Amino acid sequence: MEYTQLGRTGLKVSRLVLGTMNFGPQTNEADSHAIMDAALDAGINFFDTANVYGWGENKGRTESIIGNWFAQGGGRRDKVVLATKVYGNMDTDGETVWPNHDKLSALNIRRAVDASLKRLQTDHIDVYQFHHVDRSTPFEEIWQAIDVLVQQGKVLYVGSSNFPGYKIAQANEVAARRGGTIGLVSEQCLYNLAERRAEMEVIPAAQDYGLGVIPWSPLHGGLLGGVIKKEVQGGRRASGRAADTLADPAGRAQIQAYEDLLDKHGVEPGEAALAWLLTRPGVTGPIVGPRTAEQLESALRAVELELGEELLTGLDEIFPGPGPSPEAFAW
């Protein structure tokens, strides 16, 4: 496994991030524990979760699964850089939200971090991430709440998720004016071969402010994982954004060209999509969310995969990015 610094910090993290969103909803606790053991054995030390994972009436279940794994001992917690998130409504009915039980008010941050710590069976969170922008709460209030948590030893670093570039700048400028806080150190954003809009402003802002970029959905909902080949072979059918893309003739032709290119080079699509992200400037490491041990093994191979210039050029031709910023949106 390769390691890198998380943004401008001294924190060393693996170049693959273990995403745990499937733990509970799609992967039972025993299999989830086995996947985490295998990830740790392979050198993955960066685990990502969120307080809402488990979804619906099971919100918080994923954090509890991780906490039970930590409780087994064996140095598990000490070896892991643990990241979780705050923002979402934790009411299990998903409809009525009691005031101050979601988003980023100082009150909810305090409540949410204590609840996460209890479920995770740990005394601190290494990277506490804002799951979304809270348009109603000023960053002065947010940073005041975080400063208290840092002083209490409950949180070490803070990251963002799904932030536009200007909010990354705003958050860190407020942090700088306040002094005594390092500000955001990472941004978790939607970024992959098929979705490159983050290159316009999010990634440049992250690089300028020293944030590590952590792409989520690196296979774009399975679209970049050989979905057409699997469909032909009678495997799992596409769903969500992958199904929507394949329903469009132009989108299907693009994915077919992608799979044909990788077949020509003898490379598995899912591994190539992850390896491509590892070549991108500013990227710390993509989040992989395996449902099975086999999917984890495939993701691990991507770290050692080297993509030649001809293949990289071909990928850019099939999935052209927006181009340099600000030219991409200015003219």
Side-chain angles (χ1 to χ4, degrees), residues 16 19 21-22 26 162 164 188-204 213-283 285-292 294-295 297-331:
L16 285 183
M21 188 170 67
N22 291 320
Q26 298 192 46
N162 306 308
Q188 190 176 129
C189 60
L190 175 61
Y191 183 39
N192 55 56
L193 271 166
E195 176 50 83
R196 296 179 61 172
R197 284 178 294 176
E199 295 175 1
M200 294 178 70
E201 288 197 71
V202 174
I203 292 175
V213 175
I214 307 169
W216 61 267
S217 195
L219 303 188
H220 208 56
L223 186 68
L224 302 172
V227 64
I228 295 178
K229 182 178 180 180
K230 292 175 182 176
E231 183 182 88
V232 171
Q233 294 175 343
R236 187 180 181 208
R237 296 189 64 81
S239 60
R241 66 169 67 95
D244 292 341
T245 299
L246 295 183
D248 173 51
R252 188 178 186 89
Q254 185 183 42
I255 299 305
Q256 186 66 68
Y258 164 72
E259 293 189 16
D260 289 345
L261 174 67
L262 296 176
D263 186 57
K264 172 185 173 183
H265 287 268
V267 179
E268 289 297 320
E271 295 169 19
L274 292 173
W276 178 83
L277 280 169
L278 292 171
T279 71
R280 305 307 299 165
V283 169
I287 297 174
V288 296
R291 296 185 303 275
T292 65
E294 290 74 22
Q295 290 178 342
E297 291 173 4
S298 175
L300 288 167
R301 288 193 291 270
V303 179
E304 300 179 355
L305 181 62
E306 294 188 11
L307 305 180
E309 288 301 318
E310 180 183 350
L311 178 52
L312 288 170
T313 298
L315 291 172
D316 271 335
E317 291 173 352
I318 296 170
F319 300 108
S325 176
E327 290 84 351
F329 57 84
W331 59 77

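These numbers were taken from a predicted model, which means no experiment stands behind them. Note: hydrogens, waters and symmetry copies are ignored here, and every other heavy atom, side chains too, is used.
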Does any pair with a residue in [range] pass salt bridge (Lys or Arg N to Asp or Glu O under 4.0 Å), and if so which ones, sequence neighbours excluded?
range: residues 242-259; answer: Glu231-Arg252
range: residues 320-331; answer: none
range: residues 305-324; answer: Arg196-Asp316, Lys264-Glu310

How far does [atom1] of [X] sit from [atom2] of [Y], to the nearest 0.5 angstrom?
X: Met21; Y: Ile287; atom1: CE; atom2: CD1; answer: 9.0 Å
X: Arg280; Y: Leu277; atom1: CZ; atom2: CG; answer: 8.5 Å
X: Leu278; Y: Leu307; atom1: CG; atom2: CG; answer: 9.0 Å
X: Ile255; Y: His220; atom1: CD1; atom2: NE2; answer: 8.0 Å
X: Glu271; Y: Leu305; atom1: CD; atom2: CG; answer: 6.5 Å
X: Leu262; Y: Ile318; atom1: CG; atom2: CD1; answer: 7.5 Å

Trace of the side-chain contact (heavy atoms from CB on, under 4.5 Å) decision for Leu261 with Val267:
CA-CA 9 Å; Leu261 174 67; Val267 179; over 6 Å; no
Minimum heavy-atom distance [X]-[Y], with the two atoms named:
X: Pro218; Y: Pro286; result: CB-CB, 4.0 Å
X: Ala328; Y: Pro322; result: CB-O, 3.1 Å
X: Pro290; Y: Gly19; result: CD-O, 4.1 Å
X: Gly222; Y: Ala242; result: C-CB, 4.4 Å
X: Pro204; Y: Ala198; result: CD-O, 3.9 Å

For [X], which residues count as a side chain to side chain contact (heavy atoms under 4.5 Å, CB included) partner, sequence neighbours excluded?
X: Ala273; answer: Leu219, Leu224, Tyr258
X: Glu201; answer: Ser325, Phe329
X: Ala253; answer: none

Determine yes or no for a side-chain-to-main-chain donor-acceptor pair under 3.5 angstrom, with Gln295 supplying the side chain and Arg291 the backbone.
yes
Is there a side-chain contact between Asn192 and Pro215 (heavy atoms, below 4.5 Å)?
no
Does a sphere of radius 6.0 Å around CZ in Arg197 hold more than 12 heavy atoms from other residues, nucleotides or ligands, not counting ones at 6.0 Å or beyond?
no
Between Val283 and Tyr191, is the side-chain contact (heavy atoms from CB on, under 4.5 Å) condition met? List the steps.
CA-CA 10 Å; Val283 169; Tyr191 183 39; 4.0 Å; yes
